[in-house]
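Counting convention: from 1, in listed order, for ligands and their atoms alike.
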Amino acid sequence: MKRAFSGVQPTGNIHIGNYIGALKQFVELQNEMETVYCIVDLHSITVPQDPKELKEHTLDVAALYLSVGLDPEKSIIFIQSTVPAHTELSWILTCHSYTGELSRMTQFKDKSREKESAPAGLFTYPLLMAADILLYDAQFVPVGNDQKQHIELTRDIAERFNNKYGETFVVPQYKGTKVGARIMALDNPTNKMSKSAENEYSRISLLDSPIKVKKSIMKATTDSDNEIKFDEENKPGISNLLTIYSVFSGMEVGDIEKKYKGCGYGQLKKDLVEVVNDSLVDIQKKYNEIRKSEELIKILKEGREKAQTISQKTMERVKSKLGLVRF
Ligand code: AMP
Ligand code: TRP
């Protein structure tokens, strides 16, 4: 049986980019293979976090996982810090990787650029991510395309380890969506939609009110020729809106172009507001039921038990290959 593993950071503002690039795939894969999904709280402390908010955001993401359609009967859902093997393997991988390869990671370069001195955790971040994936013998990692480089590094480290000690790790593959692996910011379609951008209208969060969704879409940056055509290079703004429309409506981009032939951007935007709000209403209704329920903690505890069983087996294998004394 094949297995997929992925994780999302509990940093608030889970947006439709996260949904389209990652969460939607998580749900689809549940019916194709074993699926393990984590809330990666230890990754989020690579930058300063308010402890109270971190706790709330961790449970928020867990509730969102369930609200978008993850089913605890099908998927293992757990919090990264509740399974100690993640940090344990991460150290072992740190000893099998090079500072040169870590310093080439674009996410590290972006995140450390404006800082006078960057926390070491930002630098070793991809090794904790590699540990997450390799612990579960995952063949597939469903993520947005900003994470592709981290998966490549994970593959390199897994292969290096296997070559040195004999077959130990499954070498994983990046799994991206055909449509929407990189959703762009609404206010500037040359940047990716991000949780941390200052302008809140640059993104649509899954928990946004209908009014906020409307404002964000109506304000979205487009071009001035008013022709509704998918052309990412020359018309990134309208192409991004078409992608979002396609994912939330289930219509092909070509059919949407046909539907709006001769119409202006205003009409497309107005309809897109409805399409997005219709989907978010369902997610938010479920979210409000689950977020405060005791069921949520029960699911996370069960997830932890299952994750622990799998990851401990991997750790035993790794430790014995390395020559760490076991008794
Ligand atoms: P993060 O919040 O950084 O943990 O990201 C969660 C998931 O969402 C990862 O798989 C990312 O690759 C994906 N993701 C983040 N931003 C975008 C975006 N703008 N478009 C598509 N996928 C994204
Ligand atoms: N680095 C990923 C992100 O920022 C989150 C993540 C951590 C992850 N560990 C992972 C994704 C393991 C996939 C698999 O989006």
Chemist: What is the minimum heavy-atom distance between L242 and K229, and which atoms define it?
Modeler: CD1-C, 3.9 Å
Chemist: Tell me whether ligand 1 is touched by M184 - counting only heavy atoms on the residue side and a distance under 4.0 Å.
Modeler: no
Chemist: Quick one: nearest non-hydrogen protein atom to atom 9 (C) of ligand 1, plus distance?
Modeler: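 Sorting protein heavy atoms by distance from atom 9 (C) of ligand 1 puts G144 N, 4.0 Å first.
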Chemist: Please report the closest heavy-atom contact between E232 and S239, naming both atoms and the distance.
Modeler: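 Looks like N-OG, 3.4 Å.
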Chemist: Backbone, side chain, both or neither: what part of H43 comes under 4.0 angstrom of ligand 1, heavy atoms only?
Modeler: neither
Chemist: Keeping the roles fixed (side chain from Q149, backbone from T106), state whether a donor-acceptor pair exists under 3.5 Å.
Modeler: yes
Chemist: So which of D146, T243, V143 gets nearest to atom 12 (O) of ligand 1, if we judge by its closest heavy atom?
Modeler: D146
Chemist: Do any N/O atoms on S6 end up under 3.5 angstrom from N/O atoms on ligand 1?
Modeler: no
Chemist: Could an N or O of ligand 1 be found under 3.5 Å from any N or O of I183, whether backbone or side chain?
Modeler: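 Indeed, backbone or side chain, I183 has an N or O that close.
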Chemist: Does any part of the side chain of Y265, heavy atoms only, come nearer than 4.5 Å to the side chain of D225, both counted from C-beta?
Modeler: yes
Chemist: Show the nearest heavy-atom pair for residues L59 and L296, with the distance to one decimal.
Modeler: O-CD2, 3.8 Å
Chemist: Does any N or O of ligand 1 fall below 3.5 Å from an N or O anywhere on G17, backbone included?
Modeler: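 Yes, G17 has an N/O under 3.5 Å of an N/O on ligand 1.
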Chemist: Please output the residues near ligand 2 using a strict heavy-atom distance under 4.0 Å, listed in chain and residue-number order.
Modeler: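 Answer by chain and number: F5, S6, G7, Q9, V40, H43, Y125, M129, D132, I133, V141, V143, Q147.
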Chemist: Polar contacts were defined as any N/O atom of the residue lying under 3.5 Å from an N/O atom of the ligand; does this apply to Q147 and ligand 1?
Modeler: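 No, Q147 has no N/O under 3.5 Å of an N/O on ligand 1.
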Chemist: Can you confirm if the aromatic rings of F248 and Y19 lie within a centre distance of less than 6.0 Å?
Modeler: yes
Chemist: For ligand 1, indicate whether the residue Q9 contacts it via side chain, backbone, both or neither (heavy-atom separation under 4.0 Å).
Modeler: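 Both of them.
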Chemist: Out of A181, G21, A22, A185, who is nearest to atom 7 (C) of ligand 1 when you count heavy atoms only?
Modeler: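 The residue whose heavy atom sits nearest atom 7 (C) of ligand 1 is A22.
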Chemist: For P119 versus K115, what's the shortest heavy-atom pair and its separation?
Modeler: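 Here P119 and K115 meet closest at CD-CD, 4.2 Å.
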Chemist: Considering all heavy atoms of both residues, which atom of A158 and which atom of F169 are nearest to each other, and what is their separation?
Modeler: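 It is CB-CB, 4.0 Å.
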Chemist: Any nitrogen or oxygen of K192, side chain or backbone, less than 3.5 Å from one on ligand 1?
Modeler: no
Chemist: Run the salt-bridge test on E152 and K148 with the 4.0 Å N-O cut-off and return the result as yes or no.
Modeler: no
Chemist: When only distance counts, is M193 in polar contact with ligand 1, meaning an N/O pair under 3.5 Å?
Modeler: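 Yes.
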Chemist: Quick check against the 3.5 Å criterion: does D41 have a side-chain atom that pairs as donor or acceptor with the backbone of S81?
Modeler: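 Yes, D41 side chain to S81 backbone: donor-acceptor pair under 3.5 Å.
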Chemist: Any N or O on V8 sitting closer than 3.5 Å to an N or O of ligand 1?
Modeler: no
Chemist: Under 4.0 angstrom from ligand 1, any heavy atom of G180?
Modeler: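 Checking ligand 1 against G180, which is what was asked, there is a heavy-atom contact under 4.0 Å.
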Chemist: Mind checking salt bridge (Lys or Arg N to Asp or Glu O under 4.0 Å) for D231 and listing every partner two or more places apart, or none if nothing turns up?
Modeler: none
Chemist: For the ring pair Y136 and H86, is the centre-to-centre distance below 6.0 Å?
Modeler: yes
Chemist: Short list, please: which atoms of ligand 1 are under 4.0 Å from a heavy atom of R182?
Modeler: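 In order of number, 20 (N), 21 (C).
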Chemist: Out of all atoms in ligand 1, which are within 4.0 Å of some heavy atom of H15? Include the element for each.
Modeler: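 This gives 16 (N) as the contact atoms.
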Chemist: Show your working on side chain to side chain contact (heavy atoms under 4.5 Å, CB included) between I310 and R3 and close with a plain yes or no.
Modeler: CA-CA 12 Å; I310 303 173; R3 190 180 282 151; 3.6 Å; yes
Chemist: Around atom 15 (C) of ligand 1, find the nearest protein heavy atom and jot down its residue, atom name and distance.
Modeler: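 It is N18 ND2, 3.1 Å.
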Chemist: Which residue and non-hydrogen atom of the protein lie closest to atom 1 (P) of ligand 1, and at what distance in Å?
Modeler: K195 NZ, 3.6 Å
Chemist: Indicate yes or no for a side-chain donor-acceptor contact from R182 to the backbone of D146 under 3.5 Å, with no hydrogens or angles considered.
Modeler: no
Chemist: Would you say R160 and S97 make side-chain contact, with heavy atoms under 4.5 Å?
Modeler: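 R160 vs S97: side chains touch.
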